[in-house]
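Here is the structure we will look at, set down as structure tokens.
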Amino acid sequence: MSKEVKPDGVSLRPVGAQTEEATSEQKPLCIFGTGDLGRSLGRRLLQMDYKVVYGSRRPHNCGSLPQGAQVLSYADAAQLASLVFVCLHREHYGFMETLGSQLEGKVLVDVSNNPEKNLYPEANAAYLQKLLPGCRVVKGFNTLSAWALQNGPSDANRQVYLCGNSTEAKQAIAEVATKMGFTVVDKGSLSAAKDLEDVPLQLFPEWRLPLRIALGLTAFFFFYVLIRDVIYAYVDQGKDISFRIMVSLANKVFPIVSLVMLSLCYLPGVIAAFLQLYRGTKYRRFPDWLDRWMLCRKQLGLLALAFAFLHVLYTLIIPIRYYVRFKISASTVTQIRENQTSKFDTTMAWRSDSYYSVGMLGFGFYVLLGITSLPSVSNALSWREFSFVQSKLGHLTLLLCTLHTYLYGWDKFLRPSTYKWYTPAGYMLGLVVPTTVLALKLLLLLPCVDRNITRIRRGWERPATDEEKTLLM
Ligand code: NAP
């Protein structure tokens, strides 16, 4: 587990030869390399009133450096400081082996990243430690860009991750990072360096599965409604209604995907509860697929909310659509011509008002769920408040949105004409998962089942049967 380093009271004492604090505090911090990261880091350190000395291959010819910084050869710069930021690419580390005596006992901060995963057998920081066994290598700052370092944490990521085998060395670097305004997260020993070096190579890892599910569902339901609506009308009646793809079809697919994805947020919780009931214990690990599914519920929910937003936007523009305005005026003209008015249908009025009202309530709760998943809001809630909103109000949202869809279908469920080519409408298919989740949840709420699951979650375990005892032996 990550823990925050408390750098209070730790000074930048030279490591190895522990000289007097007063002298050591005046020691400059050394930066190896005058490239992009070296320059940004140097600028920031100078702003924090540290003295900075650069090590460079060409100390007299390395371009303009931040004002106030000194620049020397690598060997001379290494001698002056007790803490060295190695702002070089790994493939250029080799020459540092020759600086063994100048770097002996010093703290080296490896800030490097690789262009791709598993390029080298060991982490860059571990390689640096192997090259210079007399130094204390700490991996850190690699998850920040040069831009973020220069602008400081107000404009970018606030966290600096560190790992290394020497606690004192990590504390010294934590002190510098904290002074620069960053929050330090200690990831443990140097063996965590490989994971840290992989962090900048990740591209939304926790969003990958939810995005794939969203894309898969969207593609499936789009082609499903395209075949049932547009292609069916063309084949069966020779009518070209392909213009409906842009708004009508899109506005059919978005709510279906939103509802299915919302129910997929709550399905793993229900499966987990039944698994615990079946096993009679909460102390056995869930299968990996269920763990992964549970971990991406927030992303599934946020994507579901995005689809619900699209549904709302597409619904709002219905009255200004050319097709809708044309149909309304055509029907009005027909009624005038035939000197007829259609009768007010109270049942239809109830149905449509209930449909809109339940939909709007559902969307309101949906937005609330989205807001409470924001770290700044969830951090302000107690665990009980958070779980009340996400679980109780979440299931209520699912219930309202499912009801909204049933009201949309109304009596169409029983009309044979709904089942074109013997297939149910898209929204009917979309109701399968949410209805199943709600039915299973209802089962879990039955007092006899609820009592058992509560006991198990408080730590009670069903005594093992003779057969299970034999298996365990
Ligand atoms: P860079 O602009 O290419 O600078 C690298 C520096 O290495 C050069 O300026 C050079 O400085 C020095 N060097 C020493 N021996 C060298 C050699 N044989 N050939 C070429 N250069 C040599 O790279 P950078 O962007 O500052 O990145 C430095 C390290 O920080 C890399 O490991 C990178 O993965 C890591 N990093 C960078 C960023 C970023 O935003 N740039 C973010 C996180 C981590 P002298 O000419 O003065 O010797």
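One-based numbering along the sequence shown. Counting convention: from 1, in listed order, for ligands and their atoms alike. Basis for what follows: all heavy atoms, side chains included, without hydrogens, waters or symmetry-related copies.
Interface of Y74 with ligand 1, defined as ligand atoms under 4.0 Å from a residue heavy atom, comprises 11 (O), 12 (C), 13 (N), 14 (C), 45 (P), 48 (O).
Residue pairs that meet the side-chain hydrogen bond (donor to acceptor under 3.5 Å, both in side chains) test with at least one member in residues 207-228, sequence neighbours left out, are R228-T423.
The pair E122-R90 meets the salt-bridge criterion, since a charged nitrogen lies less than 4.0 angstrom from a carboxylate oxygen. Remark: D49 does not engage K179 in a salt bridge, criterion side-chain N to carboxylate O under 4.0 Å. Between D186 and K170, at least one side-chain nitrogen of the basic residue sits less than 4.0 Å from a carboxylate oxygen of the acidic one, meeting the salt-bridge criterion.
Checked by distance only, ligand 1 and G35 come closer than 3.5 Å through their nitrogen or oxygen atoms.
In terms of protein heavy-atom proximity, atom 34 (O) of ligand 1 is nearest to N113 N, 2.9 Å. The protein heavy atom nearest to atom 39 (C) of ligand 1 is A146 N, 3.7 Å. Among all non-hydrogen protein atoms, the one lying nearest atom 2 (O) of ligand 1 is D36 N, 3.0 Å.
Residue contact check for ligand 1: V86 places no non-hydrogen atom closer than 4.0 Å to it. At least one heavy atom of S145 sits under 4.0 Å from some atom of ligand 1.
Cation-pi contact between R57 and Y74: absent, since separation from the ring centre below 6.0 Å together with deviation from the ring axis within 45° is not met.
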